[in-house]
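Below, all heavy atoms of this structure are taken into account, side chains as well, without hydrogens, waters or symmetry copies. Note on naming: letters A, B, ... go to the chains in the order of the sequence lines (proteins, then strands), and numbering restarts at 1 for each one.
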Amino acid sequence: MEYRFQEIEKKWQHFWQSNQTYRVDENSTNPPYYVLDMFPYPSGAGLHVGHPLGYIASDIYARYKKHTGFNVLHPMGFDSFGLPAEQYAILTGQHPAKTTKENIARYREQLDKLGFSYDWSREIQTSSPSYYKWTQWIFIQLYNSWFNPTTSKAEPISQLIQFLNENGLSSAFLNEIPGIMDADIKPFTVAEWKGFTIEQQQNVLMNFRLAYLGESFVNWCPELGTVLANDEVVNGFSERGGYPVERKLLKQWSMRITSYAQRLLEGLDALDWPESIKETQRNWIGRSEGISVRFPLIKHEGWIEVFTTRPDTLYGVSFLTIAPEHERVSALCTSEQLEEVEAYIALSKQRSERERIADVNTISGVFTGSYVAHPFTKEPIPIWIGDYVLAGYGTGAVMAVPAHDERDFKFASHFSLPIKQVIQPQESHDFNLGAWTEKSGVLINSQLLNGLSVYEAIQIITENIVNEGHGSKRINYKLRNAVFGRQRYWGEPIPAYFKGDQPYMIPVEMLPLNLPEVDKYLPTEDGDPPLGRAANWKFQDLFEYEKSTMPGWAGSSWYYLRYLDPSNENMLAAPDKIAYWGSVDLYMGGAEHATGHLLYARFWCKFLSDLGIIPFEEPFKKLINQGMILGRSSFVYRVEGEQTFVSAGLKDAYRTTPIHVDISLVTNDRLNIDGFKSWRSEFKNAKFILEPSGEYLCGYEVEKMSKSKYNVQTPDELVERFGADTLRMYEMFLGPVEQSKPWDTKGITGVQGFLKKYWRLFHLNGKFELNEAKPSKEHYKILHKTIRKIREDLDRFSFNTGVSNFMICVNELTESKGNYREILEPLTVLLAPFAPHITEELWEKLGNKPGSLFNASYPTFNPDYLVESDYEYPVSFNGRMRFKISLPLSLNTEEIQANVLSQAETIKWLEGKSPKKIIIVPGKIVNLVI
RNA sequence: GCGGAUGUGGUGAAAUUGGUAGACACGCUAGACUUAGGAUCUAGUGCCGAGAGGUGUGCGGGUUCGAGUCCCUCCAUCCGCACCA
């Protein structure tokens, strides 16, 4: 009987759906296990074969866990707010909700065809009000919280108010608070605090809130008409769409993620994540330990504070450089320098972020005319302005030590400023060519530091700076607070309204704040975001609502929690359900979210944990990044000036132009000529120069999958031709999940052949028929060897070798006529996670209850069946294997040696010499050294 | 520049702790069955060599009885960050 995969797959998909086979709840005595895929954004293009790669792997693992006695949560949903749907809406006038709904339906249909074990009763969509109600709720909690530096935790803002009532705000306390460095807030006493107006007090509190409205330089994308977070900007262009991005000073809703910088960094160590992702996050957080040093101004009040990690070079300072945006710039600029400085600042304002990045090597700057005094030598040091200093990092000012910093060196060389050596470098180093930036060498020209190593000098000078009141130790982070408002329509409304300039949160009982209808998805004439078009967009008909919406990452920052209790109307998820399932055990998804989603989700998780809503600090225990699947484009070669196409093997004899051809017309590089002719009218009368075999061979190239390259492979088409089980196994067979690889259908027939062969094991003369006798030891051995390997493979997520091991097993069973019920029944359970449809069918035919396979327990490996009496020893001479000899495993080292030495082969290879040494590892190898 | 990862046949790859390199699959070659199929089966297939044999995991070196695996130098490719003081 033929393996009719289409019939079988349809039958079981229908069965699973109508019987709710994959539904899970908390009423189980089995331990819980949570397997999660990064939910997709439902784009108009649908899924291509790259998307399911991770889904298949996690589905196999989830099913495996289920078979081995876990209560497995394996949900799926859609990240359904976002720019593409809105861009499409602007073009067509169609409501984004409509296209989103259609796209979700299409995705769902494609996913269903692949036989995933998702519990769809838990489906969530970030754009549905019942979901974003809780996204808004979390936002309000963030607004009502601050980060207490003493406890390193988020606490209610009411506790801060109480603290300020009792203590006021000291500069020491202010210094300790991570994340508010860039805010302009001054210390005050209790009396001053109490004397503030309510508005003044609120303005102070705004500097502490974890979700806050603040003025800062933001990434503004004019084309998209919205601000973007740092991770949404790639090399000065928007990640979505690739439009230019500018710096702009704007009042914006932001997230004080920098408060959590230290905890986000520390938390990484314990995570079972790929090293590259952890490293990327560490890099993005960018912790650096150093000291801030105050250089007193000459002829002005106060000082310039710089941040440095190299205080050992303090005696090598020859000038200070401050950022063009530095707050003291205009005050410090003397009248002689005014014109030049103003011109420079105007120029650097004009330069977009993109230009600055593209133009790193151009050195520009200007002298302010003012000086500071060196804290120890009291020598005057000129203050320069340079745009290589970033306003947003450290103090926006650096002490320039040209001899030991590459950028300072270039700046000094360009403007002929002094270069003062304070570390004796390696002899070979030439100061005409560049700075000595190594942290090695002996200090010179540095008074009390002379003769010390760099490390010692850092310790001593730091102590002196602190003791003499010139500065304090400081830790800086590259991580910036994340801009949270988007001037777009298709996102969660920010649940705030305004009385005058003061924002207020709407009461949580009134959530959700529904996304209003608008006539157009464009900004208003006054430049307000699209929500400005909504009729009466006012709280209680009086106070204007916030018009920005939340960014794409808002909904995805906590969705893993909603799956635990998706329809709860009273809280984001019930505490007992959160306690039962816990955090995600296995998270599967792409590496492109390293600094976006994965960092924000960790931030919100820590916040919710501080609030006591969840009992864990990290959302995802183990993370696996599935690799990208690249497209494999096919080409035909048109002879120049003709409608003649020459096969790839013969093309070098002609002058040809390669043309992309739709990969659906190509099988194993062979062109479907008739299909090609009717593909496009211009090829209707095409002529062909064929290979001697009579075939037309196409050339190929590996590129990104894209419509314009005709290399997009949809899973639907392959499911149609080969079946879902074949596609599932083939995607796994391609190679390790973590690895990127080109898509190539070449090998898929091999996997299909395997399933056919497996199917044939159960059939004799076209009928389902098994050998009911007791299997031989040999057959048990085949089975148990496979059980062991498959379990090992699954435990280390090595799905590709798993598929291979199934092939080996079926090959061996076929060869040895091992069609015993006692062998094939456990094998069917073993294979079920990989190929759920064919195994369900055979499971039923074996006489089991339909649909019960999912709950069957996984076969266990019995070592007794693998006990061997003999072993084929490889015998090596000088490490090179020459021949094999089968010996009983019971032999000891001496007996093995005696046996090997008596072999004719051994005598031949010894060539009359006697071995210097004989290494024998029983059960492993024999090696003779001659 | 800094950080991470990866280099193995014609191709995708395997080799979990140092112990038979290339499992499994594609492709290719030859053959069988065949009114032909994108079907199935058999044999072969790293490279050089007629063979004996030699040689072989990016290059060069080291440790070891033994290295794809450990150590050092270099090269290439991919990814991330990048004027971060």
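- Rounded to an integer number of Å, the gap from A/Asp387 CG to B/C83 P is 11 Å.
- For B/C75 and B/A25, the P atoms lie 40 Å apart once the distance is rounded to whole Å.
- Counting only heavy atoms from C-beta outward, the side chains of A/His404 and A/Thr313 approach each other to under 4.5 Å.
- For the pair A/Arg796 and B/A15, the criterion of a side-chain N or O lying under 4.0 Å from OP1 or OP2 is met.
- With hydrogens and angles left out, the side-chain atoms of A/Ser886 and A/Tyr873 include no donor and acceptor closer than 3.5 Å.
- At the heavy-atom level, A/Arg882 lies under 4.0 Å from the strands shown only through sugar-phosphate atoms.
- Side-chain N or O atoms of A/Lys916 include none that pairs as donor or acceptor with a backbone N or O of A/Val929 at under 3.5 Å.
- A/Trp743 comes within contact range of no nucleotide atom at all, as no heavy-atom separation falls under 4.0 Å.
- As judged by a 4.0 angstrom heavy-atom cut-off over every strand, A/Pro742 is placed among residues making no nucleic acid contact.
- A gap of 14 Å separates the P atoms of B/U73 and B/G4, to the nearest Å.
- Counting any heavy atom pair closer than 4.0 Å across all strands shown, A/Asn811 reaches sugar-phosphate atoms only and no base atom.
- The nearest whole Å value for the distance from the CE atom in A/Met807 to the P atom in B/A23 is 14 Å.
- No hydrogens or angles considered: a donor-acceptor pair under 3.5 Å links the side chains of A/Ser798 and A/Thr801.
- Base pairing annotation: B/A5 forms a Watson-Crick or G-U wobble pair with B/U77, both donor-acceptor distances under 3.5 Å.
- Contacts between residues 591-599 of chain A and RNA chain B, counted as heavy-atom distances below 4.0 Å, involve no residue at all.
- The C1' atoms of B/U57 and B/G46 are separated by 11 Å, rounded to the nearest whole Å.
- Annotation: A/Trp743 is in aromatic contact with A/Tyr730 [ring centroid separation under 6.0 Å].
- Here the separation of B/U8 from B/A13, taken at their C1' atoms, is 9 Å to the nearest Å.
- Here A/Lys278 lies out of heavy-atom contact (under 4.0 Å) with every strand.
- The distance between atom CG of A/Asn805 and atom C1' of B/A25, rounded to the nearest whole Å, is 13 Å.
- Rounded to whole Å, the C1' atom of B/U6 lies 33 Å from the corresponding atom of B/G44.
- Within 3.5 Å, a donor on the side chain of A/Asn927 pairs with an acceptor on the base of B/C65, or the reverse.
- Separation of the C1' atoms belonging to B/G22 and B/G56 is 11 Å when rounded to the nearest angstrom.
- In this structure, A/Phe883 and A/Phe877 have tilted ring planes: the angle between them lies in the 30° to 60° band.
- With respect to A/Arg282 and A/Glu279, a salt bridge is recorded, a charged nitrogen being found less than 4.0 Å from a carboxylate O.
- Taking the C1' atoms as reference points, B/A15 lies 12 Å from B/C24, given to the whole Å.
- Backbone-only contact: A/Arg760 has heavy atoms under 4.0 Å from sugar-phosphate atoms and none from a base.
- B/U63 and B/A43 are spaced 44 Å apart, taking the C1' atom of each and rounding to whole Å.
- Between A/Thr280 and the phosphate of B/C79, there is no side-chain N or O to OP1/OP2 separation shorter than 4.0 Å.
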Would A/Ser413 and A/Ile419 count as a side chain to side chain contact (heavy atoms under 4.5 Å, CB included) here? Give the steps.
CA-CA 8 Å; A/Ser413 309; A/Ile419 295 172; 4.2 Å; yes
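- Here A/Asp408 lies out of heavy-atom contact (under 4.0 Å) with every strand.
- Atom CD1 of A/Ile925 and atom P of B/A67 are 11 Å apart (whole Å).
- Taking the six-membered ring for Trp, A/His374 and A/Tyr315 have ring centres closer than 6.0 Å.
- Contact between the side-chain N/O atoms of A/Asn800 and the OP1/OP2 oxygens of B/G12 is not found at any separation under 4.0 Å.
- Taking only side-chain nitrogens and oxygens, A/Arg880 never comes nearer than 4.0 Å to OP1 or OP2 of B/A67.
- Residue A/Tyr873 places none of its side-chain N or O atoms closer than 4.0 Å to OP1 or OP2 of B/U20.
- Comparing A/Gly286 and A/Ser804 along RNA chain B, the residue whose closest nucleotide (by nearest heavy atom) sits nearer the 5' end is A/Ser804.
- The residue among A/Ile919 and A/Gly753 whose nearest nucleotide of RNA chain B is located toward the 5' end is A/Gly753.
- A salt bridge does not link A/Glu2 with A/Lys756: none of the charged nitrogens is closer than 4.0 Å to a carboxylate oxygen.
- Spacing between atom CE of A/Met628 and atom C1' of B/G80 amounts to 13 Å, rounded to whole angstrom units.
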Short N/O separations, protein against nucleotides 49-52 of chain B, under 3.5 angstrom:
none

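- If you take CG of A/Leu314 and P of B/A85, they are 17 Å apart, rounded to a whole angstrom.
- If you check the side chains of A/Tyr477 and A/Thr258, you find no donor sitting under 3.5 Å from an acceptor.
- At least one side-chain nitrogen or oxygen of A/Gln739 sits closer than 4.0 Å to the OP1 or OP2 atom of B/A13.
- B/G9 takes the syn form, because its glycosidic angle lies no more than 90° either side of 0.
- Relative orientation of the A/Phe834 and A/Phe806 rings is perpendicular, given thresholds of 30° and 60° on the angle between their planes.
- In this structure, the CH2 atom of A/Trp284 is 15 Å from the C1' atom of B/C79, given to the nearest Å.
- As a whole-Å value, the separation of A/Lys917 NZ from B/U64 P is 10 Å.
- If you check B/U45 for Watson-Crick or wobble pairing at under 3.5 angstrom, you find it paired to B/G27.
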